[in-house]
**Q** 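Questions regarding the structure given below will be posed in turn.
Throughout, protein chains are lettered first and strands after them, A, B, ... in sequence-line order, and every chain is numbered starting at 1. This structure is a prediction, so every number in the text was calculated from the model and none was measured.
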Amino acid sequence: MRTSWADSADNSANGSGNSNAWAPRAAYVPPHLRNRTMSSEAPAAAAAGTAVAASLPANDRVNHGGSIPHHGGYFKADNGRQGYGSGFQSGGGGGWNGRGAGRDRGRREVNPFENDEAEEQSLGEQENTGINFEAYDDIPVETSGENVPPPVNTFAEIDLGEALNQNIQRCKYVKPTPVQRYAIPISLAGRDLMACAQTGSGKTAAFCFPIISGIMREQYVQRPRVARTAFPLALILSPTRELSCQIHDEAKKFSYQTGVKVVVAYGGAPINQQLRELERGVDILVATPGRLVDLLERARVSLQMIRYLALDEADRMLDMGFEPQIRKIVEQMDMPPPGMRQTLLFSATFPKEIQRLASDFLASYVFLAVGRVGSSTDLIAQRVEYVLESDKRSHLMDLLHAQRENGISGKQGLTLVFVETKKGADALEHCLCVNGFPAASIHGDRTQQERELALRSFKTGITPILVATDVAARGLDIPRVAHVVNFDLPNDIDDYVHRIGRTGRAGKMGLATAFFNESNLSLAKPLADLMQEANQEVPAWLTRYAARAAYGGGNRNRRSGGSRFGGRDFRRDNSTNKGTDYYGGSGGGGYGNYGGGYGQGVTSAWD
DNA sequence: AAAAAAT
């Protein structure tokens with residue numbers, strides 16, 4: 001008994017008619033018939049696709065709503081001016097009548113767990129069998145730096161504070177994940193940290209818990225009184241708007257009833273609402289770089305009280321595209337220097353040259369790498385197929401078609417398709433819709449509203465296929481992504497790692513399929529190596545390409561020959577980079593092969 | 001060459 005979107009599409013095709021059927025009849029036609037039917041069937045299918053697309057906004061409430069309560073409707077116009085800053089800072093400037101005392105007392109804190117409970121009940125998903133934590137005893141972990149604080153085994157061992165402990169329970173986190181076991185005590189000890197841990201391994205909580213706990217202790221700190229300027233104590237930066245939203249949502253849960261106020265700021269959304277939130281007081285500011293720079297230049301935010309700086313996807317934040325902005329924020333505004341603040345850098349991948357850059361921001365830091373066992377790549381079955389550029393579309397539809405027939409993992413699974421360009425994303429989305437595959441797309445040329453809508457309709461299964469550029473490659477935690485297709489492979493193996501990390505999360509299995517052809521030669525070697533290390537079957541033809549690339553010139557890849565994932569502390573790397581045993585433990589799996597569906601349900605302490 | 005990120 002299947003409950004996938006395919007069924008509902010079939011059902012509506014078979015009759016009842018008035019639902020938003022994607023495909024009135026089978027719009028998808030096997031490749032060998034496609035030319036013939038295109039002319040006669042395409043118009044109808046296209047019309048259906050348009051109709052559905054048009055109906056989507058109607059189903060979803062206002063913009064910016066949904067999973068991002070901040071922009072949603074709970075914000076009544078008439079209480080928009082209730083609180084005033086955080087007692088310490090706004091001091092009644094700009095015409096605010098000081099009614100409340102202290103921070104934001106006037107407003108009831110929205111319970112961020114409400115939705116979760118409702119969702120859980122409606123899904124009836126009580127499969128909390130948990131992750132196989134025993135396997136984690138074997139996880140290879142490397143720490144380096146001076147006087148590294150020892151790891152903990154339970155949350156109870158750490159004094160995070162009562163309120164935070166309660167939230168951890170509400171989140172149903174039973175035991176800390178490996179990265180949390182190490183990173184939390186290191187951070188609580190006040191140390192700077194550079195942490196490499198697998199995608200989906202609980203990084204967000206790993207840096208949020210110590211920050212929230214630290215701020216709970218320091219809430220009394222006096223902040224300057226500058227009208228309309230916010231003085232956050234912690235700053236969390238991430239490379240995409242959606243990721244910042246996600247971090248904000250999680251941080252709200254962790255900080256519920258702790259008195260710690262979390263605000264998010266990012267581009268593409270009206271700035272006024274964000275300004276209002278900032279005026280109400282902020283302890284933890286989650287932001288994307290561009291909008292933050294804007295706020296800093298308007299002097300609506302000052303970084304002079306920053307005690308904690310966290311960079312999520314830190315390697316991306318410091319790559320060529322972002323580095324100048326990050327330097328500006330961290331080094332050229334009023335943020336306290338390393339040593340006067342605590343800096344936490346997290347990513348699943350950390351190339352050496354980026355580590356070198358990053359060390360500018362750190363003071364006597366601890367390097368932490370949590371190995372591969374139990375991380376998502378062990379849970380992801382990786383396949384590579386040789387597909388000519390001209391065959392990609394039909395091949396993808398064949399895959400999707402087969403998936404629809406068989407059900408990819410028992411339940412409705414979502415499929416995330418990565419392409420290289422924004423135009424390519426639009427084109428492929430259109431192509432899929434026209435052929436009866438319910439797809440949405442997300443990329444940086446779409447409005448923020450469209451991006452959030454696409455993500456939401458994907459998450460909810462309205463469009464169980466999402467075509468995406470790398471905007472969706474990192475950090476996003478989308479439950480039930482069963483299949484990641486690299487329609488166009490990235491040029492960088494790290495990007496591949498992040499992309500496939502959108503599946504196989506929180507201990508669930510995932511499948512990743514890549515389309516490889518002559519234009520991906522430079523990836524042959526690193527991809528073959530990666531797959532081999534993950535105990536995946538490497539096709540012979542790929543091995544041949546890899547061998548050719550090895551001395552042919554293709555391999556200017558950063559971590560060539562080094563240990564996979566995260567990598568080693570570059571401070572230790574005195575040319576001998578044997579790295580081998582580093583991730584040894586896996587020894588053939590322990591998780592079985594792909595195909596199991598979604599067994600465990602420990603909600604995401606992961607990422 | 002591309003993507004992301006402010007207006």
**Q** Report the residue from R356(A), K352(A), R474(A) that forms a salt bridge (charged side-chain N to carboxylate O under 4.0 Å, His left out) with D315(A).
**A** R474(A)
**Q** So if I define the base as every atom that isn't primed, P, OP1 or OP2, how would nucleotides 2-7 of chain B read as a B/S/- string at a heavy-atom cutoff under 4.0 Å?
**A** SSBBBS
**Q** List for me each residue that meets salt bridge (Lys or Arg N to Asp or Glu O under 4.0 Å) alongside R341(A), sequence neighbours excluded, and say none if there are none.
**A** none
**Q** Counting the benzene-type ring for Trp, do Y545(A) and F516(A) have ring centres under 6.0 Å apart?
**A** yes
**Q** Does the distance from a Lys or Arg side-chain N to an Asp or Glu carboxylate O, for D470(A) and R316(A), drop under 4.0 Å?
**A** no
**Q** Do the side-chain N and O atoms of Q448(A) and E242(A) include a donor-acceptor pair separated by under 3.5 angstrom?
**A**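 Yes, side-chain donor-acceptor contact under 3.5 Å.
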